[in-house]
Amino acid sequence: MATHILFRGPQDRNDCWRAMFADALPSVVWHHWPNVEDKAAIDVIIAWKLPRDYQQDYPNLRVIFSVGAGVDQLNLDTVPEHIKVVRMLDPGIAKGMAEFIALHVLNIHRDTFHYINANKTATWKQLPTKATSQRRVGILGLGTLGQVAANSLLALGFSVNGWSRSAKQLKGVRCFSGMEQLEEFLSQTDVLVSLLPLTIHTQGILNNKTLSQLPQGASIINVGRGEQLVSQDLLTLLDKGHLSFAVLDVFDTEPLPDSNRLWQHPNVIVTPHIAAITQDESAGKVLVENVQRYTKGQAMIGTVDRAVGY
Ligand code: NDP
Ligand code: OXD
């Protein structure tokens, strides 16, 4: 029986991936949501967010591919166990994320955000600089993206620490793991980068208690998920001067509402969830390979472990 794929997403990406599948796997039947005649034929969905009532509408669904690296937006808890959920391991996402993190760690390291604010009052004031080796960058989440980011920071000479759920050994990175080592990790972090998936254990993990454990003057970059950060606690710590700057790419409500104070705060930089965008060509290759694996009954790369939630 042919594999029927339903893609839910923009036309240009649809056209790119439809063409790649037609070349590589001509037996696959491609559908672009919401145009599906025989919904019972669909066994694979590729989407950022799932269509409402998908479980009733597509009764023979077997696999959901996320178009992003994260899967929390699929409401994992509500997806039946017999449906595999696969995250996107796109080398294009990893490259984009490494660029975004290196860019903003350097901006913080070289006081760019301070000088942007000083420009507004025509203030000529030189701040002392220090070597990258004296700046400690701590990465929360040492998975696919955290490891690529760590390597790009090591190449710039930064001192890199990382924290994950399970213990790790990574060349050049001082690794911490588990809640019991979180405070020790945070107390040695000048620039905190959060690259954690959203789970019940990481929701609200960046709060008054944990952010206060960072040294005075530390800055944060949140590229994981907005729900991991208690933004009111961040604002309080910025206003008190305990924290210096925050670069925020993800928010609990996206787009971030106009009235949110984060937009106005002089020491907060808001970006609209663009740290790492799925790249059609490289991600298309990953999808083709995974659908091939699916049709052969092989394990798919990036299959989510439902017990841990990422
Ligand atoms: P991975 O699953 O490869 O890595 C996740 C890392 O987080 C692992 O090291 C894991 O530990 C660690 N982790 C998970 N839960 C905990 C916990 N409770 N305590 C400590 N460590 C934990 O994910 P990726 O690196 O591919 O992606 C990470 C996240 O980045 C995505 O889930 C998404 O939310 C976000 N993202 C944001 C983008 C943007 O544009 N802003 C783009 C792409 C992704 P362990 O190694 O022990 O399993
Ligand atoms: C994400 C992504 O998971 O854009 O945020 O890949």
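Side chains are part of it too, since the values below use all heavy atoms of this structure and drop only hydrogens, waters and symmetry mates. Numbering starts at 1 and runs along the sequence shown. Counting convention: from 1, in listed order, for ligands and their atoms alike.
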Name the closest protein heavy atom to atom 41 (N) of ligand 1, giving the residue it belongs to and the distance to 0.1 Å.
Asp249 OD2, 2.8 Å
What protein heavy atom lies closest to atom 23 (O) of ligand 1? Include the residue and the distance to one decimal.
Arg87 NH1, 3.6 Å
Test your reading of the structure: does Val223 have an N or O sitting under 3.5 Å from an N or O of ligand 1?
yes
Are Arg261 and Asp239 within salt-bridge range, i.e. N to O under 4.0 Å?
yes
Does the side chain of Arg8 pick up a donor-acceptor pair with the side chain of Tyr54 at under 3.5 Å?
no
Hey, is CZ on Arg110 packed in by over 12 heavy atoms from elsewhere, all under 6.0 Å?
no
To check your reading of the model: name the closest protein heavy atom to atom 4 (O) of ligand 1, its residue, and the distance in Å.
Gly143 CA, 3.1 Å
Nearest-contact summary for atom 40 (O) of ligand 1 - protein heavy atom, Å:
Ala276 N, 3.1 Å
Here the atoms of ligand 1 under 4.0 Å from any heavy atom belonging to Lys168 are 45 (P), 46 (O), 47 (O)
Shortest non-hydrogen contact between Gln216 and Gly241, atoms and distance
NE2-O, 2.9 Å
With respect to atom 29 (C) of ligand 1, which of Ile277, Leu196, Asp72 exhibits the smallest heavy-atom separation?
Leu196
Taking only heavy atoms of Ala275, which atoms of ligand 1 are found under 4.0 Å from at least one of them?
39 (C), 40 (O), 41 (N)
Judged by atom type as modelled, is there a donor-acceptor pair below 3.5 Å linking the side chain of Asn60 to the main-chain atoms of Ala40?
yes
Check whether the side chains of Gln55 and Thr78 place a donor and an acceptor atom closer than 3.5 Å, and report yes or no.
no
Are any of the N/O atoms on Trp163, whether in the backbone or the side chain, positioned under 3.5 angstrom from an N/O atom of ligand 1?
no
I need the atoms of ligand 1 closer than 4.0 Å to a non-hydrogen atom of Val250, numbered in the order shown.
41 (N)
Would you mind checking which non-hydrogen protein atom is closest to atom 10 (C) of ligand 1, with the distance to 0.1 Å?
Tyr310 OH, 3.5 Å
Do Arg136 and Thr189 come close enough that some side-chain heavy atom pair is under 4.5 Å?
no
Any side-chain donor-acceptor pair under 3.5 Å between Asn151 and Gln147?
no
Less than 4.5 Å apart, side chain to side chain, heavy atoms only: is that true for Val67 and Arg13?
yes
heavy-atom search around atom 11 (O) of ligand 1 in the protein gives Arg165 N, 3.2 Å
By ring-ring contact (aromatic ring centres under 6.0 Å, His included) - contacts of His109 (at least two apart):
Phe158
Hey, is ligand 1 close enough to Thr202 that some N/O pair sits below 3.5 Å?
no
Run the side chain to side chain contact (heavy atoms under 4.5 Å, CB included) check on Leu262 and Phe251 step by step: do they pass?
CA-CA 10 Å; Leu262 292 168; Phe251 304 90; 4.0 Å; yes
Please determine whether a side-chain nitrogen of the Lys or Arg among Asp43 and Arg62 lies less than 4.0 Å from a carboxylate oxygen of the Asp or Glu.
no
Is Arg293 paired with Glu289 through a side-chain N to carboxylate O contact shorter than 4.0 Å?
yes
Quick one: ring-ring contact (aromatic ring centres under 6.0 Å, His included) partners of Phe21, sequence neighbours excluded?
Trp30
Nearest-contact summary for atom 3 (O) of ligand 1 - protein heavy atom, Å
Thr144 N, 2.9 Å
Out of Gly96, Ser166, Ala69, whose heavy atom is nearest to atom 47 (O) of ligand 1?
Ser166
Not counting sequence neighbours, which residues clear ring-ring contact (aromatic ring centres under 6.0 Å, His included) with Phe245? List them please.
Phe113
Any N/O of Leu89 closer than 3.5 Å to an N/O of ligand 1?
no
Check if Gly224 has a non-hydrogen atom at a distance under 4.0 Å from any atom of ligand 1.
yes
Can a donor-acceptor pair be found, under 3.5 Å and without considering hydrogens, that links the side chain of Asn14 to the backbone of His32?
no
Is there a nitrogen or oxygen of His201 sitting under 3.5 Å from a nitrogen or oxygen of ligand 1?
no
Provide the number and element of each atom of ligand 1 under 4.0 Å from a heavy atom of His273.
39 (C), 40 (O), 41 (N)
Looking only at heavy atoms of Thr199, does any of them come nearer than 4.0 Å to an atom of ligand 1?
no
Audit row: Lys285, Glu281, salt bridge (Lys or Arg N to Asp or Glu O under 4.0 Å) steps and yes/no
CA-CA 7 Å; Lys285 286 186 193 155; Glu281 285 291 330; 5.6 Å; no
Judging by distance only, is a nitrogen or oxygen of Gly70 under 3.5 angstrom from one on ligand 1?
no
Atoms of ligand 1, numbered as shown, that sit under 4.0 Å from any heavy atom of Leu195:
28 (C), 29 (C), 30 (O)
Any Leu198 heavy atom less than 4.0 Å to ligand 1
no
Met179 to ligand 1, any heavy atom closer than 4.0 Å
no
Does ligand 2 have any N/O pairs with the protein under 3.5 Å, and how far apart?
| residue | atom | partner | partner atom | Å |
| --- | --- | --- | --- | --- |
| ligand 2 | 3 (O) | Ala69 | N | 3.3 |
| ligand 2 | 3 (O) | Gly70 | N | 2.7 |
| ligand 2 | 3 (O) | Arg225 | NH2 | 2.8 |
| ligand 2 | 5 (O) | Arg225 | NH1 | 2.8 |
| ligand 2 | 5 (O) | Arg225 | NH2 | 3.1 |
| ligand 2 | 5 (O) | His273 | NE2 | 2.7 |
| ligand 2 | 6 (O) | Ala69 | N | 2.8 |

Taking CD in Glu180 as the centre, count heavy atoms belonging to other residues, nucleotides or ligands within less than 6.0 Å. Is the count above 12?
yes
Suppose we measure from atom 33 (C) of ligand 1 to each protein heavy atom; which comes out shortest, and what is that distance?
Arg225 NH1, 3.5 Å
Residues Thr210 and Asn207: side-chain donor-acceptor under 3.5 angstrom
yes
Closest to atom 24 (P) of ligand 1 (heavy atoms only, candidates Leu142, Thr271, Leu145) is Leu145
